[in-house]
Amino acid sequence: MSSSINLNAYDATFVDEVQRESEQNLALCYQCGNCTAGCPVSFAYDYPVNQIMRLVQAGRKQEALTSHAIWLCASCETCTARCPNDIDVARIMDVLRNMAQRENLVSEKAVKVFWDSFLQSVEKHGRVFEIGLMVSYISKTGRMFTDMDLAPTALRKGKLSMKAHNIEGISEIRDIFERYREQNS
Ligand code: SF4
Ligand code: SF4
């Protein structure tokens, strides 16, 4: 007999973890849909954000953590601002991304590479070094021509620096990354 994952199974541990890490009460969500109505990237989602909330409430870990929506989220926090129950929905999306990484369930590999390259740049310089970010992203994904058409205009207008500049207080930024790694190891 073949075994299969029961996607409908309620995973209480998952619900507890999301609540603890996000410091939000999932039971407060009554599915009004305000978050989805304001989400600017809902058109690209496999599950709109209110359905992500419902999946988490229902303890459906596999579906929530393998969704594309959690990686396509722009972290704009419109959902958080619109929730009538003051649920920090954007923070829950953030927690789900972290959990997906920990469990090796990332559905959008290129987006994760971009996130990692972005954060590495911030850790190294205290700010984003755009050229370094682009080189890192292209070398890891092989996507040579992503947004390349924008480069000449950005260079002409002085929006891209060819040299990285570290901010003052860079050690404090690196401490934040270190604390994050300690908490998530
Ligand atoms: S934070 Fe993400 S889910 Fe919330 S409105 Fe913005 S893009 Fe949509
Ligand atoms: S706006 Fe708040 S209560 Fe309404 S569906 Fe979204 S998370 Fe749930």
Side-chain angles (χ1 to χ4, degrees), residues 7-123 127-128 130 133-134 136-137 140-141 143 146-147 150 154 159 173 176-177 179-181 183-184:
L7 290 176
N8 294 317
Y10 177 78
D11 187 330
T13 307
F14 169 63
V15 178
D16 288 346
E17 276 175 5
V18 175
Q19 293 206 120
R20 183 170 39 77
E21 292 187 27
S22 67
E23 299 179 305
Q24 305 300 304
N25 181 355
L26 296 167
L28 292 177
C29 174
Y30 50 39
Q31 286 295 301
C32 68
N34 267 6
C35 47
T36 292
C39 177
V41 282
S42 210
F43 67 90
Y45 282 5
D46 45 358
Y47 298 102
V49 62
N50 70 297
Q51 285 185 20
I52 294 286
M53 289 294 294
R54 192 73 192 105
L55 284 174
V56 180
Q57 281 178 322
R60 284 159 67 167
K61 177 177 179 178
Q62 187 79 11
E63 285 157 291
L65 295 191
T66 57
S67 75
H68 293 264
I70 61 174
W71 291 100
L72 299 175
C73 166
S75 300
C76 69
E77 301 193 355
T78 306
C79 47
T80 298
R82 290 177 65 111
C83 179
N85 293 326
D86 292 329
I87 304 169
D88 191 343
V89 188
R91 189 167 177 191
I92 290 172
M93 295 293 268
D94 215 17
V95 164
L96 295 175
R97 278 191 292 273
N98 277 336
M99 292 176 88
Q101 288 192 75
R102 287 204 304 263
E103 308 250 348
N104 209 13
L105 291 173
V106 175
S107 60
E108 290 279 344
K109 305 276 191 250
V111 177
K112 182 182 180 303
V113 168
F114 184 85
W115 275 64
D116 289 345
S117 301
F118 181 94
L119 291 172
Q120 279 161 11
S121 186
V122 173
E123 182 173 9
R127 61 182 295 279
V128 176
E130 291 88 351
L133 168 62
M134 282 163 57
S136 171
Y137 177 76
K140 288 173 186 160
T141 62
R143 294 186 172 196
T146 304
D147 291 338
L150 301 175
K159 301 289 184 192
I173 298 289
I176 293 171
F177 279 89
R179 282 204 301 277
Y180 172 81
R181 275 194 281 271
Q183 285 169 12
N184 287 274

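Order of listing sets the numbers, starting from 1, for every ligand and every atom in it. The residues of the chain are indexed from 1 along the displayed sequence.
Metal site remark for atom 2 (Fe) of ligand 1: Cys73 contributes an N, O or S atom at a distance under 2.8 Å. Using a cut-off of 2.8 Å, one finds that Cys32 contributes an N/O/S atom close to atom 4 (Fe) of ligand 2. The distance from atom 8 (Fe) of ligand 1 to the nearest N/O/S atom of Cys39 is under 2.8 Å.
In this structure, a donor-acceptor pair under 3.5 Å is absent between the side chains of Arg54 and Gln51.
When all heavy atoms of Val49 and Met93 are compared, the pair lying nearest together is CG2-SD, 4.1 Å. What you find for Leu26 and Gln19 is that their closest heavy atoms are N-OE1, 2.8 Å. Summarising the geometry of Asp86 relative to Gln24, their closest heavy-atom pair is O-OE1, 4.0 Å, with the distance given to 0.1 Å. Contact record, Val89 with Cys83: CG2-CB, 4.4 Å, taken as the closest heavy-atom pair.
Protein heavy atom closest to atom 2 (Fe) of ligand 2, with residue, atom name and distance, is Cys83 SG, 2.4 Å. Among protein heavy atoms, the minimum distance from atom 7 (S) of ligand 2 is reached at Val89 CG2, 3.7 Å. If you check which protein heavy atom lies closest to atom 8 (Fe) of ligand 2, you get Cys29 SG, 2.4 Å. With respect to atom 6 (Fe) of ligand 2, the closest heavy atom belonging to the protein is Cys35 SG, 2.3 Å.
Per-residue contacts place Glu77 under 4.0 angstrom from the following atoms of ligand 1 (heavy atoms of the residue considered): 1 (S), 6 (Fe). Those atoms of ligand 1 that come under 4.0 Å of a heavy atom in Ala74, given as number and element, are 2 (Fe), 7 (S). Which parts of ligand 1 touch Tyr45 is read off a 4.0 Å heavy-atom cut-off, strictly below it: atoms 2 (Fe), 3 (S), 7 (S), 8 (Fe). Listed by atom number, the atoms of ligand 1 under 4.0 Å from Cys79 heavy atoms are 1 (S), 3 (S), 4 (Fe), 5 (S). Each of the following atoms of ligand 1 lies closer than 4.0 Å to a heavy atom of Val41: 7 (S).
Using a cut-off of 4.0 Å between Lys/Arg side-chain N and Asp/Glu carboxylate O, Arg91 and Asp94 are scored as not salt-bridged. Salt bridge absent: Glu17 and Lys61 never bring a charged side-chain N and a carboxylate O closer than 4.0 Å.
The proximity of Ser75 to ligand 1, defined as any non-hydrogen pair under 4.0 Å, is limited to the backbone.
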